[in-house]
Amino acid sequence: MLNESLLATARAARIRAYAPYSGFPVGAALLTEEGAVITGANVENSSSGMTVCAERAAVMAAVHAGYRSFKKIAVVADCSPPPSPCGACRQVLWELAGPVEVIMGNLENEILTESLQDLYPNPFGCGKWIDNPVDESLFNSVEGWRIPVSFHPIGYVANDFNDSDHIPGNYKELLSRVVIAPEFEEGLYRIEEEEKINIISYLHRARGYTLKGRRPGRGNEVYGVFVCRAPLRPNSIAQTTVDLVDRDNNVLTVRGADLANGTPILDLKTIMPGN
Ligand code: THU
């Protein structure tokens, strides 16, 4: 994955910081060996020693999500030079991530890159390290299904639909762009052969859900949420079939998307033959 993409993700994660005391939000994005990206942001507390830095928040989230091998971490804050991880984060990163590449960026696109080994040459270790690999057995057991999953969007929708509650009524005739991140562009190989594609997206502005609601396509009668296309659903996932009009490298032009500007795209899939 490109350092610029990981930095862009860290920059986006920074928005989720809770930093009312310092006013200094920090975002971090950790790239796993498998290619997943896990983010973190600093979370402060009035009992100031309880504050958790962005880098450690990302490491903790990644370990809990089942990752133990990491390649790179990006950190972004609004300072020059770009933020260098604090000593506590270097110690924690070293133990769980090892000699990863640390990419430090700011909002002016200044970038510094160093190996964690150089940033933290003599880490503490008590010498009683017991190998504790991720236990995959939970995933293979019946209870494993309850573990929440996280996704790393592959791109976003760009159009003029800025009010997610009011997509234009004639959206079926309107054009949108589907912008795929550079690191996933190769996955579009031969997409020009398709007339229609399915966009799986995440309705990022939807909040909460109801399990029953009115279904416009069926005389406004009440149906379960899994029996309609309502946006307020437990996982805020949408599936939309669109016409593929054009491709320019990583940017697709499509017709018929009922998705607001900026909607993150989780996946693109072709139409099942016969559908
Ligand atoms: N902070 C981080 O998130 N990462 C670092 O590497 C250094 C500092 C946060 C902690 C605190 O919320 C704020 O920056 C100001 O110190």
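For this chain, numbers begin at 1 and follow the sequence in order. Order of appearance sets the numbers: ligands from 1, and atoms from 1 within every ligand.
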**Student:** Answer yes when Glu221 and Arg218 have at least one side-chain N-carboxylate O distance shorter than 4.0 Å, and no when they do not.
**Tutor:**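 Salt bridge absent between Glu221 and Arg218.
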
**Student:** Using distance alone, with no hydrogens and no angle criterion, decide if Gln91 and Tyr120 have a side-chain donor and acceptor under 3.5 Å apart.
**Tutor:**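 The answer is yes; a qualifying pair exists.
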
**Student:** For the residue pair Ser48 and Tyr21, establish whether any side-chain heavy-atom pair is separated by less than 4.5 Å.
**Tutor:**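 Not touching, per the 4.5 Å side-chain cut-off.
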
**Student:** For the ring pair Tyr171 and His166, is the centre-to-centre distance below 6.0 Å?
**Tutor:**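 Here the rings of His166 and Tyr171 have centres that are no less than 6.0 Å from each other.
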
**Student:** Any luck finding a side-chain donor-acceptor pair between Glu110 and Ser80 under 3.5 Å?
**Tutor:**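 Ser80 and Glu110 do have a side-chain donor-acceptor pair below 3.5 Å.
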
**Student:** Which pairs pass ring pair (Phe, Tyr, Trp, His ring centres under 6.0 Å) with one or both residues in residues 196-225, sequence neighbours excluded?
**Tutor:**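 For residues 196-225, and leaving out neighbouring residues, there are no ring pair (Phe, Tyr, Trp, His ring centres under 6.0 Å) pairs at all.
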
**Student:** Please give the N or O to N or O pairs under 3.5 Å between ligand 1 and the protein, distances rounded to 0.1 Å.
**Tutor:**
unit_1: ligand 1; atom_1: 3 (O); unit_2: Ala54; atom_2: N; d: 2.9
unit_1: ligand 1; atom_1: 4 (N); unit_2: Glu55; atom_2: OE1; d: 2.8
unit_1: ligand 1; atom_1: 4 (N); unit_2: Glu55; atom_2: OE2; d: 3.4
unit_1: ligand 1; atom_1: 6 (O); unit_2: Glu55; atom_2: OE1; d: 3.3
unit_1: ligand 1; atom_1: 6 (O); unit_2: Glu55; atom_2: OE2; d: 2.6
unit_1: ligand 1; atom_1: 6 (O); unit_2: Cys86; atom_2: N; d: 3.2
unit_1: ligand 1; atom_1: 12 (O); unit_2: Asn42; atom_2: ND2; d: 2.9
unit_1: ligand 1; atom_1: 12 (O); unit_2: Glu44; atom_2: OE2; d: 2.5

